[in-house]
Amino acid sequence: MSVTVPRSFRLLEELDRGEKGFGDGTVSYGMEDPEDIHMRNWTGTIIGPPNTVHDGRIYSLKIHCDLNYPEQPPRIWFKSRINLSCVDQRDGRVDPSKFLILGNWKREYTLEQLLTEIRRDMSSPTNRKLPQPPEGTTYI
């Protein structure tokens, strides 16, 4: 019998991990507004993987964890313009129907895993050489 961790505890755990840092520092995340008691709005950063068109670029993302997170996946948008097969070019939204981890979301997945998977997708054969918008441009 497994115990379901309450949403707030889960998000506090994720926030703690995001603030302390993890891995090699190529992916990070934190709260957009520390006063948001529901912990809904987050920011993320991904440093583009080497040997791809994303090499050295810094991408900013917006993550929204609705009140049903982690039962349902967060919604995620790139603030920085990027050309990826899973990103809607109109608004920067990562399309769950085109991004496996969102489309097949499991409660155990974390924001860290989500951002790490997006970075991994940048290195995929489909995305590693796609022409990119000028660095520093953003979605409105």
Side-chain angles (χ1 to χ4, degrees):
M1 182 176 182
S2 67
V3 175
T4 302
V5 176
R7 177 184 182 278
S8 58
F9 289 2
R10 162 72 179 269
L11 285 171
L12 284 169
E13 201 174 274
E14 291 200 49
L15 178 60
D16 185 51
R17 183 149 169 90
E19 287 178 339
K20 285 182 180 170
F22 52 87
D24 59 6
T26 56
V27 172
S28 62
Y29 60 92
M31 292 291 304
E32 186 175 85
D33 175 9
E35 303 300 314
D36 177 6
I37 62 169
H38 296 291
M39 302 178 79
R40 290 174 292 211
N41 297 308
W42 298 67
T43 59
T45 303
I46 298 173
I47 298 175
N51 305 314
T52 70
V53 293
H54 309 286
D55 193 353
R57 287 188 176 210
I58 299 173
Y59 295 99
S60 297
L61 299 95
K62 175 183 175 161
I63 305 163
H64 181 79
C65 296
D66 212 339
L67 296 178
N68 57 6
Y69 177 85
E71 300 302 329
Q72 298 293 316
R75 291 187 311 240
I76 186 163
W77 298 262
F78 274 85
K79 292 188 212 176
S80 309
R81 282 202 169 273
I82 189 169
N83 186 12
L84 283 180
S85 57
C86 63
V87 174
D88 185 326
Q89 292 305 303
R90 294 170 295 185
D91 61 2
R93 184 173 155 282
V94 178
D95 184 342
S97 70
K98 296 178 181 175
F99 194 61
L100 198 58
I101 192 172
L102 287 176
N104 296 317
W105 185 257
K106 291 183 171 70
R107 183 180 211 290
E108 299 78 41
Y109 294 160
T110 64
L111 299 178
E112 176 184 338
Q113 287 173 299
L114 177 59
L115 293 172
T116 301
E117 283 300 311
I118 291 172
R119 185 172 189 271
R120 185 173 293 127
D121 196 46
M122 290 176 179
S123 294
S124 74
T126 305
N127 294 315
R128 69 182 299 113
K129 294 186 180 190
L130 283 178
Q132 294 301 310
E135 195 164 355
T137 56
T138 58
Y139 293 98
I140 297 173

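Quick caveat, the model's predicted, so the values are computed rather than measured. Numbering starts at 1 and runs along the sequence shown. All heavy atoms count here, side chains included; hydrogens, waters and symmetry mates do not.
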So which atom in [X] and which in [Y] form the shortest heavy-atom distance, rounded to 0.1 Å?
X: R7; Y: C65; result: NH2-O, 3.0 Å
X: G48; Y: R119; result: O-NH2, 3.8 Å
X: S123; Y: T52; result: OG-CG2, 3.8 Å
X: D121; Y: S85; result: OD2-OG, 4.3 Å
X: E71; Y: T4; result: OE2-CG2, 4.3 Å

Does any N or O in the side chain of D24 come within less than 3.5 Å of the main-chain N or O of T26, such that one atom is a donor and the other an acceptor? yes
Donor-acceptor under 3.5 Å (T116 side chain, E112 main chain): yes
Flag yes if [X] and [Y] sit in one hydrophobic cluster, no otherwise; membership is Ile, Leu, Val, Met, Phe, Trp, Tyr, and two members link when side-chain heavy atoms are under 4.5 Å apart.
X: Y139; Y: F99; result: yes
X: L12; Y: Y69; result: yes
X: W105; Y: I118; result: yes
X: L130; Y: M122; result: no
X: Y109; Y: L15; result: yes

Throw together a table of side-chain donor-acceptor distances under 3.5 angstrom for residues 74-83, partners on residues two or more places apart or in other chains.
residue, atom, partner, partner atom, Å
S80, OG, S60, N, 2.9
R81, NE, T138, O, 3.4
N83, ND2, P131, O, 2.9

Salt-bridge test for [X] and [Y]: reply yes if a basic N is under 4.0 Å from a carboxylate O, no otherwise.
X: K62; Y: E32; answer: no
X: E13; Y: R17; answer: no
X: D88; Y: R90; answer: yes

Between CD of E117 and CG of L102, what distance do you get to the nearest 0.5 Å? 10.0 Å
When rounded to the nearest 0.5 Å, the distance separating SG of C86 from CG of D95 is 8.0 Å
Given H54 and Q132, is the side-chain contact (heavy atoms from CB on, under 4.5 Å) satisfied, shown in steps? CA-CA 8 Å; H54 309 286; Q132 294 301 310; 3.4 Å; yes
Step by step, would you call V87 with R93 a side-chain contact (heavy atoms from CB on, under 4.5 Å)? CA-CA 6 Å; V87 174; R93 184 173 155 282; over 6 Å; no
Taking it one step at a time, do L61 and L115 satisfy side-chain contact (heavy atoms from CB on, under 4.5 Å)? CA-CA 9 Å; L61 299 95; L115 293 172; 4.2 Å; yes
Heavy atoms, side chains only, cut-off 4.5 Å: are [X] and [Y] in contact?
X: I46; Y: S28; answer: no
X: M31; Y: D36; answer: yes
X: R128; Y: V53; answer: no

Evaluation steps, side-chain contact (heavy atoms from CB on, under 4.5 Å), between D33 and N41: CA-CA 7 Å; D33 175 9; N41 297 308; over 6 Å; no
Within the 3.5 Å criterion, strictly below it, is a donor on Y29 or E19 matched to an acceptor on the partner's side chain? no
